[in-house]
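When reading the values below, keep in mind they use all heavy atoms of this one structure, side chains included, and skip hydrogens, waters and symmetry mates.
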Amino acid sequence: MAHSTSRIAGFYQLSPSERLAKVAEIAGLDDAGVAHLGNMGNLEPETADSMIENVIGTLNIPLGIATNLIIDGEEQLVPMATEESSVVAAVCNAARQCRDSGGFVTDAAEPVMIAQVQLVEVPNPEFARLKLLEAREEIRRICDATDPVLLKHGGGFRDLEVRVLDDMLIVHLLVDVRDAMGANAVNSMAEAVAPSLAEWSGGKSRLRILSNLADRRLMRARATWRLDQIGGAEVRDGMLSAYRFADMDPYRAATHNKGIMNGVSAVVLATGNDTRAVEAGAHAYAARTGRYRSLSHWEMDGEGNLTGTLEMPMPVGLIGGATRAHPTARYCLEILGVNQAERLGRIIVAVGLAQNFAAMKALATTGIQKGHMALHAKNIALMAGAQGDEVAIIAELLVKQGSVRVDVAESELAKLRQR
Ligand SMILES: CC(C)(COP(=O)([O-])OP(=O)([O-])OC[C@H]1O[C@@H](n2cnc3c(N)ncnc32)[C@H](O)[C@@H]1OP(=O)([O-])[O-])[C@@H](O)C(=O)NCCC(=O)NCCSC(=O)C[C@@](C)(O)CC(=O)[O-]
Ligand SMILES: NC(=O)C1=CN([C@@H]2O[C@H](COP(=O)(O)OP(=O)(O)OC[C@H]3O[C@@H](n4cnc5c(N)ncnc54)[C@H](OP(=O)(O)O)[C@@H]3O)[C@@H](O)[C@H]2O)C=CC1
């Protein structure tokens, strides 16, 4: 049913509770709905209200901890925020199976982000391109002057690329953003330097914005799963065949990479980082050869063990965005014990690889539904209306019957309540 109006002048100037009252009136929410949405959980209304616009409440997402991970020789607990069952269990499961071979080894490139400046109506783009490249030091001076704090932390302008796209010139500012995700930092630089670029090129500047294809800020993770740990050669070969399928077929690659992002996005979200930025970068990177492919690579080593690698852009920070503003994100960073954005990125890529291993193994053996649906059964029980102890009882019944469905849950719940 359409609402009576969506034009609410000055809505943004109200407090969260005033906005909620207004929405409740228009949408016909009852007292229980208002009370529920008005409970802001562990995010203060003032904090939420300064993070985004038109706030009326908060949405709690479960926060789980991935166990069993060894990353670069260190035991590592990892907070993951996700609404999807079996994602956390999958990481624990994969990490347990490579502990005997040392866990995950990671690596990272410098934290360099790209800002793009679009120059249009450039009369002689090839000529202007060289002029801009010659002005590198002047460009450095203008960019670095916009962010002395970043400079103090060892970051700042690193290099310049100029591309000719038809009649446009696209300038890439390569900026070391240290422990920030970097969008605001590089956007400010792009805006500051654009008038000079336009003048030197003889054109006009248009867009000045970060590129989410953060292909200079790559992070890598690798691990070996011993044959005896994963259940033998047949399991390994099934997984290698699953990988080949993903690498050759975009329909499969999209799902395979979604599995990787199950792990990646959960840690990105838990730490208050920008999930969309990481996701956009990951998928653009997966398509960099002109064909959308698997982000991970799977092989067999000389001893027949399964080896996996994952290399992907990882624009995450420990400062900026919601990383410091959201108290839960701050505590997640405390649990992680990281003091450099680079370490956070490495951990995230290791989690992505673990997630991919678990999903591929399940797919290549029992099928995804057995493990996933067993854990999803509690959600189904909740959907059927189970409460308190009923949730676990109904979930167990569904798994035992091998039919994790809402209609079955409803009929089991009715029977349980008649007893
Ligand atoms: C679900 C499991 C882990 C069961 O796996 P299992 O072999 O039945 O579990 P197990 O009881 O033998 O336990 C093995 C280990 O898994 C962990 N584990 C086991 N159960 C739990 C639990 N409840 N909570 C936390 N951790 C759990 C735990 O670490 C445990 O070791 P332990 O600590 O007992 O020594 C397995 O089937 C699995 O890894 N499945 C993959 C699940 C998955 O990928 N889910 C993502 C959602 S599906 C999707 O969106 C992506 C997809 C699949 O489409 C991607 C793609 O297509 O590539
Ligand atoms: N396309 C995209 O993905 C876009 C994303 N965004 C959003 O931008 C936000 C991230 O921007 P970001 O620039 O990272 O955040 P901030 O601008 O909030 O923080 C970065 C700033 O923190 C200061 N700083 C202090 N210590 C450090 C350190 N050790 N390392 C680096 N910087 C330090 C720097 O200088 P100073 O104090 O002088 O600022 C730096 O510029 C996210 O919320 C993202 O969602 C925004 C636009 C586009």
| note | Smallest heavy-atom separation, Ile56 atom then Leu20 atom, equals CG2-N, 3.9 Å

| request: Can you spot which of Leu306, Asn68, Ile230 makes a side chain to side chain contact (heavy atoms under 4.5 Å, CB included) with Gln97? | output: Ile230

| task | Applying side-chain contact (heavy atoms from CB on, under 4.5 Å), run through Leu169 and Arg163 and close with a yes or a no. | result | CA-CA 6 Å; Leu169 267 189; Arg163 298 158 58 217; over 6 Å; no

| request: Would you confirm whether Arg140, through its side chain, and Glu137, through its main-chain N or O, come within 3.5 Å as a donor-acceptor pair? | output: no

| Residue pair Leu227 / Gly304: nearest heavy atoms and the distance that separates them | CD1-O, 3.3 Å

| Under 3.5 Å, side chain of Thr271 to main-chain N/O of Leu333, donor-acceptor pair present? | no

| task | Check the side chains of Thr106 and Asp72 for a donor-acceptor pair under 3.5 angstrom, ignoring hydrogens and angles. | result | yes

| Between His256 and Arg293, is any pair of side-chain heavy atoms under 4.5 Å apart? | no

| Under 4.0 Å between a Lys/Arg side-chain N and an Asp/Glu carboxylate O for Asp144 and Arg158? | no

| query | Does Arg216 reach the main-chain N or O of Leu174 with its side chain, forming a donor-acceptor pair under 3.5 Å? | reply | no

| query | Any side-chain donor paired with an acceptor under 3.5 Å for Asp100 and Gln229? | reply | yes

| field | Where Leu344 and Gly317 come nearest, the two heavy atoms and their spacing | value | CD2-O, 3.8 Å

| task | Consider only side-chain N and O atoms of Asn187 and Glu191, and report whether a donor and an acceptor are under 3.5 Å apart. | result | no

| Is Arg178 paired with Glu342 through a side-chain N to carboxylate O contact shorter than 4.0 Å? | no

| Short question: side chain of Asn124, backbone of Phe127 - any donor-acceptor pair under 3.5 Å? | no

| query | Do Tyr243 and Asn356 have side-chain N/O donor and acceptor atoms under 3.5 Å apart? | reply | no

| Exam field: side chain Ser86 to backbone Ala89, donor-acceptor pair closer than 3.5 Å | no

| said: Quick check: closest heavy atoms across Ala253 and Ser294, and the distance to 0.1 Å? | reply: CB-N, 4.1 Å

| query | So does Arg252 have more than 12 non-hydrogen atoms from other groups sitting under 6.0 Å from CZ? | reply | yes

| Spacing of Met360 atom CE and Ile368 atom CD1 [to the nearest 0.5 Å] | 11.5 Å

| task | Could you give me the CA-CA distance, side-chain angles and deciding distance for Glu279 and Ser265, then say whether side-chain hydrogen bond (donor to acceptor under 3.5 Å, both in side chains) is met? | result | CA-CA 8 Å; Glu279 282 158 13; Ser265 296; 2.5 Å; yes

| field | From CA spacing to verdict: side-chain contact (heavy atoms from CB on, under 4.5 Å), Asp274, Val278 | value | CA-CA 7 Å; Asp274 183 337; Val278 174; 6.0 Å; no

| task | Of all the heavy-atom pairs spanning Asn184 and Ser188, show the shortest one and how long it is. | result | O-OG, 2.9 Å

| message | Under 4.0 Å between a side-chain nitrogen and a carboxylate oxygen: does that hold for Glu396 and Lys378? | response | no

| query | Among side-chain atoms of Gln340 and Arg346, is any donor-acceptor pair under 3.5 angstrom? | reply | no

| field | Pair Asp247, Trp298: side-chain N/O donor-acceptor within cut-off below 3.5 Å | value | no

| query | Do Glu134 and Lys131 meet the salt-bridge criterion of a basic N to acidic O distance under 4.0 Å? | reply | no

| task | Taking all non-hydrogen atoms of both residues into account, name the closest pair between Met40 and Pro45 and its distance. | result | CE-CA, 3.4 Å

